[in-house]
Amino acid sequence: MGRINGIHLGARIQKPPSIPPKFPSQLWGRPDSPLVPPKPADEFGGRPERKQKPPYYVLTMFSYPSGDKLHMGHWYCYAPTDSYARFKRMQGYEVFEPMGFDSFGLPAENYAIKTGVHPAISTANNIGFMREQLKKIGAMYDWDYEVVTSSPDYYKWTQWWFLLMYKRGLAYQKDALVNWCPNCQTVLANEQVGADNLCERCDTPVERRKMRQWFFRISDYNQRLLDGLETIDWPEKTKAMQRYWIGKSEGTEISFKIQNSKFQIPSSDSEAPLSPPISADENGGRPETPPNPPADARGNQVNVFTTRADTLFGVTYVVLAPEHPLVKEIATEEQMGAVEEYVSKALSLSEVDRQMEDRPKTGVFTGAHCVHPLTGDSVPVWVADYVIGSYGTGAVMAVPAHDARDFAFAKTYRLPIKEVIKPSEAPLSPPISADEHVGRPEQAFTEKGVMFDSGEFSGLSSEEGIRAVGRKLESIGKGKPTVTWHLRDWTVSRQRYWGAPIPMVHCDNCGIVPVPEEQLPVLLPQDVKEYKPKGKSPLASVESFIQTTCPTCGQAAERDPDTMDTFVCSSWYYLRYPDARLDSAPFDREHLKELFPVHQYVGGPEHAMGHLIYSRFFGKVAKDEGWFPYEEPFSRLIHQGIILNKGERMSKSKGNTVAPEPVLERVGSDVLRCYLMFSGDYTQGGDWSEGGISGIERFIARVWRLGMAIAEAPLSPPISADANGGRSEEAVPREVERRLHQTIHAVGHDLQAFAFNTQLARLMELTNVIYAWVGSDLKGVTKSAAKIETVETLIKLIAPSAPHLAEELWHQFGHQTTVFDAAWPDFDAEKIKADTVTIAVQINGKLRDTFEALSGTDKTALERMALDLDKVRTMLEGKDLAKVIVVPGKIVNLVMKG
RNA sequence: GCCGGGAUGGUGAAAUGGUAGACACAGGGGACUUAAAAUCCCCAGGGAAUAAAAUCCCGUGCCGGUUCGAGUCCGGCUCCCGGCACCA
């Protein structure tokens, strides 16, 4: 405890001059402030005291150690959250507030490519710098638990996680399309591809290429990821985004038999089942999970997924995605050339191009036809890239009359449009033949309605129709209810150097072999000459790394040359913190049981999709493994708002980051953190400006002067008991006492709610009230038990927000231990109640007068008092009262007739 | 297009359906000072009225509605910010 107690502190601080004190603002949180932030009182390594307090885990998203350094945006996340942590500590919790660095990733590697500086070196430099910056915040971070994801003692366990995923059948390899720059000979991340589809480094058009990649089967968890959202206290917005992203969609899978395929399987009883499982090769012996792969390439049918089976009679063609394996099977000879050309062009399009807004719909007729499962009509099969190959079955039934995309496509290629749904309020008109509809509707009617022209189903509502058509299809073996998900499996391979190597070995004899756990970590080689990949991961050309022996057969084998997505590293760091120095396991189960789920998580809303979904996935896997006893890792989440600079997000590339240092040097961290907190709703953020910071400086100085004045004042002379209601001690005036308790109540409530701005406003009010009591010029102030108690309470209340100030004052009042070990003050609900209240008098809802009444005055009395007011009498003169509404303690509303 | 969030004084912003603008900034006035800074006190939404008051009217993006009473609830818009987007 020596490093946090006040003896140490008092010895270093020069005693401030007596009244009027010179305002020593520099002391409070100035970078060389002598205040060592208090650490959690107990280590998590099993000290007995730990058990005496309930644990409380306050976590902020760790940061990426770039040359950017910390800017105001980081401060805005970290400083107020630390205030929350200090508040919880004073409430008697054993607060755990760790900090670390998410230090693998592209920027360090790009920097290395540009300058030749090894990522390990630039990263270490940046971490060193940022750690010092973080210390200046004056947060309670316990650096003994620091986590650095690029350090071998951390990524060893990231690799361990990979093996765990593999063991549980959750890691598998398959081909996937990646962004490829033919000039740099490298794979690009989506964010490295510009809006114009050019490589961000060399401006070469980016292509797409198929590569063998590792995936995590997050889709196995889609239902649990969806259900878990109901149980956590997260911003609704974030939960909504995740729900949408997971994208559960219930519908019907329908099969259309191919009519004239070259490879038609003749017999009618040999129809392939719906969505036949693909070969389960290296896939852990398990079939692919949704999103479904394109339907069976050997089959003689196209399976489509639809949520609108009620529109089945409006199908006028069927569309396959370009990557659908049936495309080349069924294309007729006449069409084959056009089809192949179209497919190769479509597949080489980058993700960016393909997703370009308002891109005109293109496609090619395959020459093949299929059979409508209910009408038996012949339906042409097209291939078009507006169908997403990786969603559903990779094929759709096109209903141009009732789907905007199909409609646009049908218009372009003059395909028939057949209406089968009309608004429910419209009368059922006699059916019109399909031909009459060609080119006729102006737009697709995509709402639900009533079916018509749909055989036995005509007249049913869409909802009924969806079920009825589904049942019918199922009964004839042409369809079944299906659920599809938007959430796709997570590609974790990166053809990059600066990441955790994938702990897998490729052996000619044994195939893919996981590196045995005891051989971890697979160290990232340091002696890399060329970070720039030449068609492969940079590690592929590091012989000493690649060449190894097979753990199973002992023959020569090769390591996997890829590294892991950095989101893997950050998906479990919160589990590592409590045991950051443990080297026999990634974490100690007992600690996880005690400390989890994380009580409060704080971070930017930009992570709603990636990090926050991946982390939930990891949490669920840890639970299934028995390591982690909870379904959700973060029980409460708050997103801080974003601090803008002249309306723009701060970023290094824009060169518009605001460095905290100049402000910090000038005003100290207490003022800066309070200023950030005072500026408005924490979740709202806003434009950075220094206007108004002087108000906080004044406030902090006012509290300081008040505290010092009382601490150094002479004792009050004894008061004659007769003149003081029988007490010889000075008492706190009733009104001051009331405001004090009100403030205790409000500040506690607001801090719990992250309403930092209003709790500071309440503290300012209280400070003003105390000034008025003790004498606003602080001249001739005397000390009394009442004043000491009041000011000490103020010090405690302000401590979370201005820790340096509070700690110094606390010691000035003679305390030897940290103010953060002082108990958070209790309020007395009785003392909060005002003796009298102002009652507003309204006439016909308009405010006309107010009066004072004893609080607790009943309705009848209040009404009588209101009616008795001169002004009210004049206004009511000669009029009839129709109604009187009385809300005790608030208003009396007199409603007149006419 | 879809899903969120927002719009309140000169500025940042407060406000469980009950006195809109708390708390601050900038501004004005005063005290202290030889003076300035710092500090302390007071004023301050807009308008009309007045010597000054009293007093009255108008005000929370726009249009309606519910209610004794709406910044707050409901319906319909406009604009701004964030996210997602050919997901059948």
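Here is how names work: the chains are called A, B, and so on, in the same order as the sequence lines, proteins then strands, and each is numbered from 1.
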*Check whether any side-chain nitrogen or oxygen of A:R705 sits under 4.0 Å from OP1 or OP2 of B:A38, and answer yes or no.*
no
*Ignoring hydrogens and angles, tell me if any N or O in the side chain of A:N893 forms a donor-acceptor pair with the backbone of A:I885 under 3.5 Å.*
no
*Determine the interatomic distance between P on B:G71 and the same-named atom on B:G61; round to the nearest Å.*
10 Å
*How would you label the contact of A:V895 with the nucleic acid (heavy atoms, under 4.0 Å): base, sugar-phosphate, or nothing?*
sugar-phosphate
*Taking CG from A:D777 and P from B:C40, how many angstroms apart are they, rounded to a whole number?*
10 Å
_A:I693 CD1 - B:A24 P separation (whole Å)_ = 16 Å
*From the list B:U55, B:A22, B:A88, which nucleotide is the closest neighbour of the side chain of A:T306?*
B:A88
*Under 4.0 Å: is that the gap between some side-chain N or O of A:R848 and OP1 or OP2 of B:U55?*
no
*In whole angstrom, give me the gap between the P atoms of B:G27 and B:U33.*
24 Å
*Taking the P atom of each, how far is B:U19 from B:C23, in whole Å?*
16 Å
*A:Y317 OH to B:A88 C1', straight-line distance once rounded to whole Å*: 11 Å
*Where the side chain of A:R698 is defined as all heavy atoms beyond and including C-beta, which of B:G83, B:C86, B:U39 is the nearest nucleotide?*
B:U39
_Looking only at the side chain of A:V387 (C-beta and beyond, no hydrogens), which of the listed nucleotides B:C84, B:A24, B:A88 gets closest?_
B:A88
*What do the steps show when you test A:R243 against A:E230 for salt bridge (charged side-chain N to carboxylate O under 4.0 Å, His left out), and what is the final call?*
CA-CA 10 Å; A:R243 254 179 230 119; A:E230 306 306 320; 3.5 Å; yes
*Syn/anti state of B:G46 by chi, 90° boundary around 0*: anti
_Side chain of A:R702 - closest among B:C25, B:A85, B:C41_ = B:C41
*State which of B:A26, B:C40, B:A22 makes the closest approach to the side chain of A:A761.*
B:A22
*Determine: side-chain N/O of A:Y391 to OP1/OP2 of B:A88, distance under 4.0 Å, yes or no.*
yes
*For A:D406 and B:C86, give me the distance from atom CG to atom C1', rounded to whole Å.*
10 Å
*Picking from A:Y413, A:F409, A:Y391, what satisfies ring pair (Phe, Tyr, Trp, His ring centres under 6.0 Å) with A:Y386?*
A:F409
_Please list all pairs meeting salt bridge (charged side-chain N to carboxylate O under 4.0 Å, His left out) that have one or both residues in residues 303-321 of chain A, counting only residues at least two apart or in different chains._
A:R308-A:D310
_Atom-to-atom span, CG of A:N844 to P of B:G69 - whole angstrom_ = 9 Å
*asked:* Between B:A26 and B:C81, how many Å separate the two C1' atoms, rounded to a whole number?
replied: 26 Å
*Spell out, as yes or no, whether a donor-acceptor pair under 3.5 Å connects the side chain of A:S462 to the backbone of A:G449.*
yes
*Decide, yes or no, whether a salt bridge links A:R666 with A:E697 under the criterion of side-chain N to carboxylate O below 4.0 Å.*
no
*Sequence-distant partners of A:K361, salt bridge (Lys or Arg N to Asp or Glu O under 4.0 Å), two or more places apart*: none
*With distance as the sole test, does A:T874 use its side chain to make a donor-acceptor pair with the main-chain N or O of A:D870 at under 3.5 Å?*
yes
_Going by purine N1 to pyrimidine N3 plus the second Watson-Crick contact, or the G-U wobble pair, all under 3.5 Å, which nucleotide sits opposite B:C25?_
B:G10
*How do A:G695 and A:M609 order along RNA chain B: which one's closest nucleotide is nearer the 5' end?*
A:G695
*Do any side-chain nitrogens or oxygens of A:K883 fall under 4.0 Å of OP1 or OP2 in B:U67?*
no
*With a non-hydrogen cut-off below 4.0 angstrom, is A:K361 in contact with a base, only sugar-phosphate, or nothing?*
base
*Under a 3.5 Å cut-off for both distances, is B:U39 Watson-Crick or wobble paired, and to whom?*
B:A31
*Starting at CG of A:D403 and ending at C1' of B:G1, how long is that distance when rounded to a whole Å?*
13 Å
*For A:K239, answer base if it contacts any base atom (sugar-phosphate contacts may also be present), sugar-phosphate if it contacts only those atoms, and nothing otherwise; contact means non-hydrogen atoms under 4.0 Å.*
nothing
_Roughly how many Å apart are B:C25 and B:G17, using the P atom of each and rounding to a whole number?_
30 Å
*Can you check the A:K646 NZ to B:C80 P distance for me, whole Å?*
22 Å
*asked:* Using whole Å, what does the distance between atom P of nucleotide B:A88 and atom CG of A:L312 come to?
replied: 17 Å
*How far does the C1' atom of B:C56 sit from the matching atom of B:C62, given to the nearest Å?*
27 Å
*Taking atom C1' in both B:G1 and B:U16, compute the distance separating them and give it to the nearest angstrom.*
37 Å
*Using purine N1 to pyrimidine N3 plus N6-O4 or O6-N4 for Watson-Crick, or N1-O2 and O6-N3 for G-U wobble, both under 3.5 Å, which nucleotide pairs with B:C68?*
B:G18
*For B:G1, which nucleotide is its Watson-Crick or G-U wobble mate, given both distances must be under 3.5 Å?*
B:C84
*Treat primed atoms plus P, OP1 and OP2 as sugar-phosphate and everything else as base, then score nucleotides 5-19 of chain B 5' to 3': B for base contact with protein heavy atoms under 4.0 Å, S for sugar-phosphate contact only, - for none.*
S------BSS-B-BB
_Toward the 5' end of RNA chain B, by each residue's nearest nucleotide, A:S694 or A:I642_ = A:S694
*For B:A15 and B:U67, measure between their P atoms and round to the nearest Å.*
28 Å
_Check this for me, if you would: do A:R649 and A:E606 make a salt bridge, where the nitrogen-to-carboxylate-oxygen distance has to be below 4.0 angstrom?_
yes
_Side-chain donor or acceptor of A:D406 paired with backbone N/O of A:V399 under 3.5 Å_ = yes
